[in-house]
Chemist: 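If you scroll down you'll find the structure; I have some questions about it.
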Amino acid sequence: HPWWEVWMKNLVLRLVMIVAAGSLLAGNRPAQAADPGTVAGVIEVHKARVKTRGAKSFKDVVVYLEPRAPVVYAPPAAHAVMDQRGLVFIPHVMAVQQGTTVDFLNSDNDRHNVYFLYDKTGETLDIGTWGPGEAVSHTFKDSGLVIVLCQLHLEMAAHILVLETPFFTVAEIDPETQRATYEIKEVPAGNYVLKAWHKKLKMKTGAVGVSVVAGETATVDFVITKG
């Protein structure tokens with residue numbers, strides 16, 4: 001072949017490689033097995049109407065994924081925060097991974113107390129009483145539902161759902177449509193069981209199996225209703 005034909009072929013090959021590399025840098029690459037996926041959907045309230053306003057509303061739905069194969073996840077280094085403000089625990093419903101440390105703040109001008117009622121065992125734990133501007137931290141080592149109370153203000157209450165999985169979100173029910181949307185991101189590809197927790201309602205179908213594919217979104221809509 002003439003030298004110029006060889007030169008042109010090499011030039012074209014280089015251009016193809018440059019374009020391919022640019023596509024990879026731009027994120028236009030095929031999904032790999034290690035890529036995370038997403039689980040998302042709509043939650044519908046059935047044969048009930050949920051109160052969504054007020055300090056102790058029923059708007060919160062915890063949605064979470066449990067892997068079908070046993071997996072131990074390292075606890076997060078970052079702390080979660082629950083405040084006491086206006087004689088209200090904020091947030092009213094919290095979900096954390098097992099091993100998470102929660103900082104309990106006091107943003108009021110009153111002294112506050114925090115003690116836990118463990119739904120699974122019925123046991124209680126008082127972590128102390130402290131003044132305005134102070135905080136106390138507690139690490140939740142066991143999974144399950146924990147009811148948070150204040151012995152100095154009996155009207156105060158909150159719920160912490162301690163999960164063995166890091167794949168969860170807290171969705172909020174819309175007051176008009178009585179629906180909520182949820183999205184759980186960064187989920188490794190694999191097979192899971194999707195579950196939901198609500199203060200008064202339960203999943204109509206019970207737990208739902210879901211397969212997460214790398215780089216894709218699995219849509220799982222479900223209904224919550226009276227148990």
Side-chain angles (χ1 to χ4, degrees), residues 36-66 73 76 78-98 100-105 107-108 114 116-117 119 140 143-150 153 155-187 192-210 212 217-227:
T38 300
V39 179
V42 175
I43 307 166
E44 183 176 353
V45 178
H46 181 63
K47 291 187 177 180
R49 186 153 189 93
V50 172
K51 176 187 174 184
T52 59
R53 295 183 175 88
K56 299 178 183 179
S57 78
F58 299 89
K59 70 179 186 300
D60 300 302
V61 184
V62 180
V63 186
Y64 58 101
L65 296 169
E66 292 182 347
Y73 299 102
H79 290 199
V81 175
M82 178 171 280
D83 199 0
Q84 292 165 292
R85 188 167 67 246
L87 302 184
V88 174
F89 283 109
I90 301 173
H92 179 58
V93 171
M94 173 184 284
V96 297
Q97 183 187 341
Q98 186 176 354
T100 297
T101 297
V102 179
D103 299 331
F104 292 91
L105 312 183
S107 296
D108 279 337
V114 169
F116 305 131
L117 170 61
D119 184 70
F140 290 89
S143 62
L145 176 63
V146 181
I147 301 172
V148 186
L149 301 161
C150 174
H153 307 94
E155 71 276 17
M156 295 178 63
H159 299 75
I160 297 179
L161 189 63
V162 184
L163 303 168
E164 296 178 1
T165 169
F167 310 118
F168 58 82
T169 188
V170 180
E172 294 187 1
I173 298 171
D174 180 85
E176 303 301 327
T177 65
Q178 291 290 291
R179 291 184 174 186
T181 58
Y182 74 92
E183 186 178 52
I184 305 174
K185 298 181 178 180
E186 301 296 320
V187 183
Y192 297 83
V193 177
L194 183 142
K195 298 182 179 181
W197 177 89
H198 184 268
K199 281 168 59 178
K200 293 293 184 182
L201 307 179
K202 296 182 178 180
M203 294 178 72
K204 186 176 181 180
T205 59
V208 178
V210 55
V212 177
T217 296
T219 300
V220 182
D221 300 333
F222 62 91
V223 172
I224 56 175
T225 187
K226 294 180 180 179

Chemist: Under the 6.0 Å and 45° cation-pi test, does K199 pair with F58?
Modeler: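 So K199 does make the cation-pi contact.
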Chemist: Considering only heavy atoms from C-beta outward, does the side chain of V81 approach that of V102 to under 4.5 Å?
Modeler: no
Chemist: Answer whether the closest heavy-atom distance between the side chains of V208 and V193 falls below 4.5 Å.
Modeler: no
Chemist: Do V93 and L161 pass the side-chain contact (heavy atoms from CB on, under 4.5 Å) test, and can you show the C-alpha distance, the side-chain angles, and the key distance before you say yes or no?
Modeler: CA-CA 8 Å; V93 171; L161 189 63; over 6 Å; no
Chemist: Can you tell me if T165 uses its side chain to pair, donor with acceptor, with the backbone of L65 under 3.5 Å?
Modeler: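 Yes; at least one donor-acceptor contact below 3.5 Å.
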Chemist: Test of understanding: with side-chain contact (heavy atoms from CB on, under 4.5 Å), list the residues that count as partners of D174, not counting sequence neighbours.
Modeler: E176, T177
Chemist: Side chains of L163 and E66, heavy atoms from C-beta outward: is any pair under 4.5 Å?
Modeler: no
Chemist: Measure the OG-NZ distance between S57 and K51 for me, rounded to the nearest 0.5 Å.
Modeler: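 Here the rounded value is 7.5 Å.
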Chemist: Taking everything shown except E164 itself, do over 12 heavy atoms lie less than 6.0 Å from its CD?
Modeler: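 12 or below, so no.
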Chemist: What verdict does the side-chain contact (heavy atoms from CB on, under 4.5 Å) test give for Y182 and V170, after you've listed the backbone C-alpha separation in whole Å, the side-chain angles of each residue and the deciding distance to 0.1 Å?
Modeler: CA-CA 7 Å; Y182 74 92; V170 180; over 6 Å; no
Chemist: If you define the side chain from C-beta out and look only at heavy atoms, does anything of E183 sit under 4.5 Å from K185?
Modeler: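 In short, these two side chains touch, coming nearer than 4.5 Å.
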Chemist: Kindly assign one of parallel, tilted or perpendicular to the pair Y73 and F167, based on the angle between their ring planes and the thresholds 30° and 60°.
Modeler: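 Ring orientation, 0 to 90° scale: perpendicular.
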Chemist: First locate atom CG of L105, then atom CE of M82, and finally report the distance between them rounded to the nearest 0.5 Å.
Modeler: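 The distance works out to 10.5 Å.
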Chemist: Check whether any side-chain heavy atom of T169 lies under 4.5 Å from a side-chain heavy atom of Y64, and answer yes or no.
Modeler: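 They are not in side-chain contact.
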Chemist: Compare every heavy atom of M203 with every heavy atom of A196, then report the nearest pair and how far apart it is.
Modeler: N-SD, 3.3 Å
Chemist: Identify the heavy atoms of V61 and H198 that sit nearest to each other, and give their distance.
Modeler: CG2-CD2, 3.8 Å
Chemist: Are any non-hydrogen side-chain atoms of P36 and V187 less than 4.5 angstrom apart?
Modeler: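 Not touching, per the 4.5 Å side-chain cut-off.
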Chemist: Are the side chains of I43 and V63 in touch, meaning some heavy atoms are under 4.5 Å apart?
Modeler: yes
Chemist: Rounded at 0.5 Å granularity, tell me how far CD in Q84 sits from SG in C150.
Modeler: 6.0 Å
Chemist: Are the side chain of D108 and the backbone N or O of L87 linked by a donor-acceptor pair below 3.5 Å?
Modeler: yes
Chemist: If you compare all heavy atoms of E172 against all heavy atoms of D60, which two are closest, and at what distance to 0.1 Å?
Modeler: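 So the minimum-distance heavy-atom pair works out to CG-OD1, 3.8 Å.
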Chemist: Please evaluate residues V39 and L194 with respect to the criterion side-chain contact (heavy atoms from CB on, under 4.5 Å), reporting the C-alpha separation (whole Å), side-chain torsions for both, the decisive distance (0.1 Å), and the verdict.
Modeler: CA-CA 9 Å; V39 179; L194 183 142; 3.8 Å; yes
Chemist: Check residues 218-227 and write down every donor-acceptor pair under 3.5 Å in which the side-chain atom is one partner and the other belongs to a residue at least two apart or another chain.
Modeler:
| residue | atom | partner | partner atom | Å |
| --- | --- | --- | --- | --- |
| D221 | OD1 | V42 | N | 2.8 |
| T225 | OG1 | H46 | O | 2.8 |

Chemist: Q178 side chain to V50 main-chain N or O, any donor-acceptor pair under 3.5 Å?
Modeler: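 Yes, the answer is positive, given that a donor and an acceptor are paired below the 3.5 Å cut-off.
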Chemist: Specify whether H159 and H92 have parallel, tilted or perpendicular ring planes, treating 30° as the upper limit for parallel and 60° as the lower limit for perpendicular.
Modeler: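 Judged by the thresholds at 30° and 60°, the geometry between H159 and H92 is perpendicular.
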Chemist: Rounded to the nearest 0.5 Å, how far apart are CD1 of I184 and OG1 of T217?
Modeler: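 Here the rounded value is 11.5 Å.
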Chemist: Ring centroids only, cut at 6.0 angstrom: are F89 and F104 within range, meaning strictly under it?
Modeler: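 No - the distance between ring centres of F89 and F104 does not fall below the 6.0 Å cut-off.
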Chemist: Can you give me the closest heavy-atom contact between T52 and I173, atom names plus distance?
Modeler: CG2-O, 3.4 Å
Chemist: Looking at every heavy atom in both A95 and F168, which two are closest together, and how far apart are they?
Modeler: O-CE1, 3.3 Å
Chemist: What heavy-atom pair brings T100 and A78 nearest, and what distance separates the two atoms?
Modeler: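 Scanning both residues completely, I find the closest heavy atoms to be CG2-O, 4.4 Å.
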Chemist: Strictly distance-based, threshold 3.5 Å: is any side-chain N or O of R53 a donor or acceptor partner for the main-chain N or O of P175?
Modeler: no
Chemist: Just so I know, are the side chains of V148 and F116 near enough to count as touching, which here means a heavy-atom distance under 4.5 Å?
Modeler: yes
